[in-house]
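Heads up: the structure comes next, in structure tokens.
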Amino acid sequence: MTIRTRFAPSPTGYLHIGGVRTALFNWLLTRRQGGQFILRIDDTDAERNRPEALQPILEGFRWLGIQWDEGPEVGGPHAPYFQSQRLQSYKDAAMQLVDSGHAYPCYLAKEALDAERKAAEVAKQNYIHRGVHRNTPPAENRRLLEANPAPIRLKVPEGRTLGIDDLIRGRVEWQADLIGDPVILRADGRALYNFATVVDDVALGITHVVRAAEHLDNTKVQVVAYEGLGAKAPTFGHVPVVNEPNSKKKLSKRDMKKFVTPEIRAKLKLVGWTDAEIESRDDLNPATVAFYREMGYLPSGLVNYLGRLGWSLDDKTEVMSLETMIANFSLDRVNDSPASFDPEKLLWVAGEHMKMLPLAGRITGCVPFLVRAKIIAEPIDEATQAKIARIVEACGERLKVFSDILQHAPVFFRDPEYDPKAVDKRLRKEGAMDLLRAAAEELKAAPSFAVADLEQVLKPWCETRGVKIGDLNHVLRVATTGQQVGIGLFETLSILGKEETLRRIEIASQIAAK
RNA sequence: GGCCCUGUCGUCUAGGGGCCUAGGACACGGCACUUUCACUGCCGCGACACGGGUUCGAAUCCCGUCAGGGUCACCA
């Protein structure tokens, strides 16, 4: 039998990092076993339902390479895949439960209910609601409902033990007597989450419900709903929640702005976002997938990291391709304790994936970041394109994410910003200026500025002068880039070219003399 | 507070009675390589929450304690 899994996001305008990890587990399981992964849009909450808020979610999945077999834009045999378009089926199902004696109308006013709940709370007792029409004959309940619409409650059986055999947690049980009868349909006919999700999962033929552990307690009510509907409950797998970095608390969708630390803000601004945009958009923070896309993370790196968060292939594999993950994924190797999101390890994994990307791909990936940061302008002429190619190549393994190019490329397109400390340390040092002038003369006479030729000229030159190549490196680097660290010196000079190199040495000499 | 879940280096994890003097990875510290940085290699730091049991033998099984988390709506 082929499996059918689903992920049911609300259109919130962003793809949450914790949610996508759950979706990924569903998807890997489905690809591994052969089956369909379904995207169902949970848009029953009118307030949160904005049509344009769906696109960022679909884009996020597409960017990561997680394709859905049925759902928005691709359709499928069980369309529609929007819960807001399936409302009638929830009503029908609820009435079916009333007719079969598994549900009943509840005429208790909300205020009275709240009062009861409050009283129980004060008395430090568990509040377990049981409506008066619980045992009214079904036909009578239906008549009541037709005459006077009311919320419908699910009848939780008494004296029973409810349980599931969770694929990740094993056997989990609840005493039915400790559960109040939940409302499944409001008086106006709108379904509640716990009911709509069951009705849909039955209708869509979902076989495996893999979801975050925060839903574990919902399962008991859902089990009752499946029973009432006469449907076989799917197999459940509750994956542990993802915690905030350095925390034991769930990585929440609320208050994501707090992750925008000064450092994160600086990074966002470096790639071209303004303070106003960072404030107004809710996807520009490290708890969303969009953030990593904006920072130039390779999607395969993010997927690798997220897949390894709570799941492992064996005792040593860290870096792996999507194919490897699919070929080896199973729920029994998913941990049952929460995992903390670690941005540093994510960066490392992303860097490992970047190393595996051929040069052409790295160049293509970097260009948009240079454009966005206004280092270069479109259309890009041939000379600029060639220059970028040389810079990216010279960066080598210094690039972990595409936006790292912004630490290395700008100096090749505009005058250096001289770091005062670097100038002090390297250019105002005893003998530094003499060395710099002499080197400039040598460079002026150099027949070629190709990397290999520069190296062949400068190294012996140092030797005959009794100067360490390291000292020359320091002086020339600061003189031409203003910084103490950067890509290889010979590459730097070569990309700059003779004229520009000599011009910068002149500028640096004047600055150092001040 | 009730119910439910979970406890292995700071973090992600391997382990499921003897292979454990607990392995790997990130981070951190050191050394080597090197024209700086990065990369790479080597070394180091660093954990079975606690207490009882079961057993010849427990990180592993059982019980309890403690700790952390999740959830308790006519939200999703």
Side-chain angles (χ1 to χ4, degrees), chain A residues 8-10 12 42-45 47-48 83 106 108 110 113-114 117 120-121 124-128 150-153 166 168-170 172-175 178-180 182-188 190-194 196-197 212-220 238 240-241 243 245-250 253 305 308-319 333 335-349 351 355 395-400 404 407-408 422 426 455 458-459 462 468-474 476-478 481 483-492:
Chain A
S10 294
T12 49
D42 192 342
D43 56 353
T44 51
D45 187 348
E47 287 162 35
R48 272 187 250 181
Q83 291 193 314
C106 180
L108 190 65
K110 209 177 167 190
L113 190 68
D114 287 343
R117 204 193 319 277
E121 200 177 302
K124 290 198 195 291
Q125 282 187 332
N126 237 8
Y127 178 63
I128 297 157
I152 295 176
R153 285 185 188 273
D166 193 279
I168 293 169
R169 271 145 225 282
V172 181
E173 295 183 335
W174 301 269
Q175 296 309 313
L178 265 23
I179 308 165
V183 171
I184 55 176
L185 202 76
R186 298 178 176 96
D188 63 6
R190 283 151 60 226
L192 274 92
Y193 167 78
N194 259 336
T197 200
E214 60 200 86
H215 285 287
L216 189 53
D217 280 301
N218 286 148
T219 313
K220 59 196 181 204
H238 287 92
V241 297
N243 285 338
N246 308 312
S247 159
K248 295 276 173 75
K249 293 236 192 301
K250 186 179 76 167
K253 291 183 185 173
Y305 175 74
R308 265 285 286 121
L309 191 63
W311 171 80
S312 63
L313 194 167
D314 54 28
D315 60 341
K316 43 180 69 78
T317 309
E318 299 284 348
V319 179
R333 286 196 69 85
N335 241 321
D336 26 22
S337 51
S340 295
F341 182 73
D342 182 357
E344 286 182 335
K345 185 149 186 180
L346 165 58
L347 216 212
W348 176 78
V349 174
K355 285 182 194 168
C395 281
E397 298 188 342
R398 273 165 275 244
L399 286 184
K400 283 185 158 77
D404 285 343
Q407 319 217 304
H408 302 288
R426 300 300 184 191
E455 194 166 349
L458 291 176
K459 275 190 173 165
C462 279
K468 276 190 290 188
I469 184 75
D471 289 335
L472 179 68
N473 176 18
H474 291 140
L476 278 177
R477 178 182 303 284
V478 175
T481 71
Q483 306 297 315
Q484 295 201 62
V485 299
I487 60 177
L489 178 69
F490 302 124
E491 283 82 356
T492 300

**Message:** From CD of E173(A) over to C1' of C5(B), roughly how many Å is that when rounded to an integer?
**Reply:** 14 Å

**Request:** To the nearest Å, give me how far apart CG (N335(A)) and P (C5(B)) are.
**Result:** 17 Å

**Item:** Minimum-distance nucleotide (side-chain atoms of R169(A) versus A76(B), U6(B), A25(B))
**Value:** U6(B)

**Message:** Considering every strand and a 4.0 Å limit on heavy-atom distances, what is the contact class for G180(A): base, sugar-phosphate, or nothing?
**Reply:** nothing

**Item:** P gap between C39(B) and C26(B), integer Å
**Value:** 10 Å

**Request:** May I have the distance from D217(A) (atom CG) to G69(B) (atom C1'), rounded to whole angstrom?
**Result:** 12 Å

**Message:** For a quick check of understanding: with a heavy-atom distance under 4.0 Å over all strands, which category does R333(A) fall into, base, sugar-phosphate or nothing?
**Reply:** sugar-phosphate

**Prompt:** Which nucleotide in the set C39(B), G2(B), C26(B) lies at the smallest distance from any side-chain heavy atom of D342(A)?
**Reply:** C26(B)

**Asked** Given atom CH2 of W348(A) and atom P of A25(B), what is their separation to the nearest angstrom?
**Response** 8 Å

**Prompt:** Counting only side-chain N and O atoms of K355(A), is one of them less than 4.0 Å from OP1 or OP2 of U40(B)?
**Reply:** yes

**Message:** Which is more 5' along RNA chain B, the nucleotide nearest W311(A) or the one nearest R398(A)? Just name the residue.
**Reply:** W311(A)

**Fill in**
E214(A) CD to C72(B) P, in whole Å, measures 10 Å

**Item:** Pair assignment for C66(B), Watson-Crick or G-U wobble, requiring both distances under 3.5 Å
**Value:** G7(B)

**Residue-phosphate contact under 4.0 Å: K249(A) side-chain N/O, G69(B) OP1/OP2** = yes

**Request:** Name the nucleic acid region contacted by N218(A), choosing base, sugar-phosphate or nothing; use a 4.0 angstrom heavy-atom cut-off, strictly under.
**Result:** base

**Asked** Looking across every strand, which nucleic acid part, if any, lies under 4.0 Å from K220(A) by heavy atom: base, sugar-phosphate, or nothing?
**Response** nothing

**Asked** How long is the line joining CG of D315(A) and P of U8(B), in whole Å?
**Response** 18 Å

**Prompt:** With rounding to whole Å, what would you report as the distance between G64(B) and U54(B) at their C1' atoms?
**Reply:** 15 Å

**Fill in**
When Y193(A) and Q175(A) are each assigned the nearest nucleotide of RNA chain B, the 5'-most assignment goes to Q175(A)

**Message:** For A76(B) and T44(A) - does any side-chain N or O of the residue sit under 4.0 Å from the phosphate oxygens OP1/OP2?
**Reply:** yes

**Request:** Identify whether any heavy atom of L399(A) sits under 4.0 Å from a base atom; if not, whether one sits that close to sugar-phosphate; answer base, sugar-phosphate or nothing.
**Result:** nothing

**Prompt:** From A76(B), U11(B), C74(B), pick the nucleotide closest to the side chain of V183(A)?
**Reply:** C74(B)

**Request:** Mind checking K345(A) for me? I need base, sugar-phosphate or nothing, with any heavy atom below 4.0 Å counting as a touch.
**Result:** base

**Prompt:** Are any of N246(A)'s side-chain N or O atoms less than 4.0 Å away from OP1 or OP2 of G10(B)?
**Reply:** no

**Request:** Could you check whether K250(A) gets within reach of a base, just the sugar-phosphate, or nothing at all, counting any heavy atom under 4.0 Å?
**Result:** sugar-phosphate

**Item:** Given C5(B), C74(B), U11(B), the nucleotide with the shortest approach to the side chain of K110(A)
**Value:** C74(B)

**Prompt:** Expressed in whole Å, how much space separates the C1' atoms belonging to C31(B) and A22(B)?
**Reply:** 27 Å

**Message:** For G41(B), give the paired nucleotide (Watson-Crick: N1-N3 plus N6-O4 or O6-N4; G-U: N1-O2 and O6-N3; both under 3.5 Å), or none.
**Reply:** C31(B)

**Request:** Taking the side chain as every heavy atom from C-beta outward, state whether D342(A) and W348(A) have any atom pair closer than 4.5 Å.
**Result:** no

**Asked** Could you give the CZ-to-P distance, from R308(A) to G24(B), as a whole number of Å?
**Response** 14 Å

**Asked** Hey, does L192(A) reach any base, or is it just sugar-phosphate, or nothing, if we go heavy atoms under 4.0 Å?
**Response** sugar-phosphate

**Asked** Is L347(A) close to Y305(A) at the side-chain level, that is, under 4.5 Å between some pair of heavy atoms?
**Response** no

**Message:** If I pick the C1' atom on U34(B) and the same atom on U40(B), what distance separates them, to the nearest angstrom?
**Reply:** 11 Å

**Asked** Below 4.0 angstrom from OP1 or OP2 of A14(B), is there any side-chain N or O of S312(A)?
**Response** yes

**Message:** I'd like the C1' distance from G16(B) over to U60(B), given in whole Å.
**Reply:** 5 Å

**Message:** Rounding to an integer number of Å, can you tell me how far I487(A) CD1 sits from C39(B) P?
**Reply:** 16 Å

**Prompt:** Has the side chain of R333(A) got a donor or acceptor atom that lies under 3.5 Å from a matching backbone atom of W311(A)?
**Reply:** no

**Complementary nucleotide of U55(B), counting Watson-Crick and G-U pairs under 3.5 Å** = none

**Asked** Contact class for F490(A) (heavy atom, under 4.0 Å): base, sugar-phosphate, or nothing?
**Response** base

**Request:** For E344(A), answer base if it contacts any base atom (sugar-phosphate contacts may also be present), sugar-phosphate if it contacts only those atoms, and nothing otherwise; contact means non-hydrogen atoms under 4.0 Å.
**Result:** sugar-phosphate

**Message:** Looking only at the side chain of S340(A) (C-beta and beyond, no hydrogens), which of the listed nucleotides C12(B), C74(B), U36(B) gets closest?
**Reply:** C12(B)

**Request:** Could you work out the separation of U8(B) and G24(B) based on their C1' atoms and round it to a whole Å?
**Result:** 13 Å

**Item:** A38(B) to C28(B) separation - P atoms, rounded to the nearest Å
**Value:** 10 Å

**Prompt:** What are the two closest non-hydrogen atoms of G486(A) and R398(A), and how far apart are they?
**Reply:** O-NH1, 3.6 Å

**Among U11(B), A76(B), C4(B), the nucleotide that comes nearest once only the side chain of L216(A) is considered** = C4(B)

**Asked** Roughly how far apart, to the nearest Å, are A59(B) and A47(B) at atom C1'?
**Response** 10 Å

